[in-house]
Colleague: 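One structure, as structure tokens, below. Some questions next.
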There are 2 protein chains.
Amino acid sequence: MCIDSKKAKEILKNLKLRPTIQRIAITETLIKQKEIHVTAYLLKRMLAENKVFISRATIYNNLNELSNKGFLKKVLVKKGKMWFDTNLSKHHHFYDEEEETLADVAEKEIKFSKFPKIPNGKRIKSVDIVINIKKI
Amino acid sequence: MCIDSKKAKEILKNLKLRPTIQRIAITETLIKQKEIHVTAYLLKRMLAENKVFISRATIYNNLNELSNKGFLKKVLVKKGKMWFDTNLSKHHHFYDEEEETLADVAEKEIKFSKFPKIPNGKRIKSVDIVINIKKI
DNA sequence: TAGTAATTTAGATTCATTCTAATGATCTAA
DNA sequence: TTAGATCATTAGAATGAATCTAAATTACTA
């Protein structure tokens, strides 16, 4: 058993998710990769490259479950495709549409000196900031 | 001919778009209120309530054209659905997923005391802030 | 180890959006 | 005006991401 698989199992245990073969493989891939932003499609392809074939439904189920449990963050930068981000800390994004790349912005890099009043009876669920950039 | 229809025609003329019956009706609906947030589906329903029946393709074609011409702003707050916003001034949004509503936050309501360094060779194109809210 | 609860899966389904190609409307130049 | 060209509209098909279904399989618990 490789080290990543052991780590993956531990993560799943902490999240109270049954360590199925598929979940271990998915988690392993997510913690192994340098790339921190994946779509369902990209993840499926990465697994397939390692001869691990997991159904589309399972990929989606698990990405959603992992993000519900707070292990992944959903990022929506462009219509039609949901990205899942393995950067676990709260953070924001640079999005370069010309290059179709996402880059992280640490949460502490942004501070507000003024923030709008939240409507009555409501509370903040999350704040998403996307800084769209382009070449000079 | 009603006043809105006259205004709508003028707007289309300025945008160099042929004033077809459908385009006039769509533009009229969009300028009836000061600021409006619609999805294609919502706009279609609003028109239908006024006994104006326009095909889905035409609704999409025109919303896209109007936003290409700078008359509408596209806002992406949730996977799968594009919103179109007639508030052209720079601003941000409250998004209430439970109620599926979008509300404006004036730009001046948000000020930064800290902001990240922009990558070399890049400049800011825009900053999108979505404050996701939910009931307490 | 048996019983149950959770998980995976292929394939169907949904939903927003775009495409296609046929028909219809508007514009332009003489 | 009017003919011809260009642009717009439309129903329905196609697309693509994501979810659902229901049956089979796997992991957990007593």
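Letters A, B, ... mirror the listed sequences (proteins, then strands); counts begin at 1.
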Colleague: How long is the line joining CE of M82(B) and C1' of dG16(D), in whole Å?
Modeller: 15 Å

Colleague: Only counting residues at least two apart or in another chain, list the ones meeting side chain to side chain donor-acceptor pair (under 3.5 Å) with T39(B).
Modeller: none

Colleague: Hey, quick one: are V130(A) and I118(B) part of the same hydrophobic cluster, counting side-chain heavy atoms closer than 4.5 Å, chains of contacts allowed?
Modeller: no

Colleague: To the nearest angstrom, how far is K13(A) atom NZ from dC28(D) atom P?
Modeller: 10 Å

Colleague: Tell me every residue that passes side chain to side chain donor-acceptor pair (under 3.5 Å) with H92(A), counting only those two or more places apart in sequence or in another chain.
Modeller: none

Colleague: Rounded to whole angstroms, how far apart are CG on L12(A) and P on dA6(C)?
Modeller: 17 Å

Colleague: Check whether the side chains of N132(A) and S126(B) place a donor and an acceptor atom closer than 3.5 Å, and report yes or no.
Modeller: yes

Colleague: If you measure from the Lys or Arg side-chain nitrogens to the Asp or Glu carboxylate oxygens, is any gap between K122(B) and D96(A) under 4.0 Å?
Modeller: yes

Colleague: What is the bend of the helix from dT1(C)-dA30(D) to dA30(C)-dT1(D) when you compare the axis at one end with the axis at the other, using five pairs each and rounding to 10°?
Modeller: 30°

Colleague: What pairs of residues pass the salt bridge (charged side-chain N to carboxylate O under 4.0 Å, His left out) test when at least one of them lies in residues 62-77 of chain A, not counting sequence neighbours?
Modeller: R23(A)-E65(A)

Colleague: Take the protein atom CZ of R45(B) and the nucleotide atom C1' of dA16(C), then report the distance between them rounded to whole Å.
Modeller: 16 Å

Colleague: Using a 4.0 Å heavy-atom cut-off, write out nucleotides 2-10 of chain D from 5' to 3' as B (base contacted by protein), S (sugar-phosphate only) or - (no contact).
Modeller: ----BBSSB

Colleague: Taking for each residue the nucleotide of DNA chain C with the nearest heavy atom, is it P19(B) or K81(B) whose nucleotide lies nearer the 5' end?
Modeller: K81(B)

Colleague: Once ring-ring contact (aromatic ring centres under 6.0 Å, His included) is applied, do any residues pair with F115(A), and if so which ones, sequence neighbours excluded?
Modeller: F112(A)

Colleague: What is the distance, to the nearest angstrom, from the CG atom on L42(A) to the C1' atom on dG16(D)?
Modeller: 15 Å

Colleague: I need the CG-P distance between L76(A) and dA16(C), as an integer number of Å.
Modeller: 15 Å

Colleague: Find out whether L47(A) and I59(A) are in side-chain contact, i.e. whether some heavy atom of one side chain is under 4.5 Å from a heavy atom of the other.
Modeller: yes

Colleague: Can you tell me the distance, in whole Å, between the CD1 atom of I24(A) and the P atom of dT7(C)?
Modeller: 13 Å

Colleague: Take atom CG of N64(B) and atom C1' of dC19(C), then tell me their distance rounded to the nearest Å.
Modeller: 13 Å

Colleague: Less than 3.5 Å apart, any donor N or O on the side chain of D128(B) or H93(B) sitting next to an acceptor on the other?
Modeller: no

Colleague: Look at Y60(B) and dT18(C) and indicate whether a side-chain polar atom (N or O) is within less than 4.0 Å of OP1 or OP2.
Modeller: no

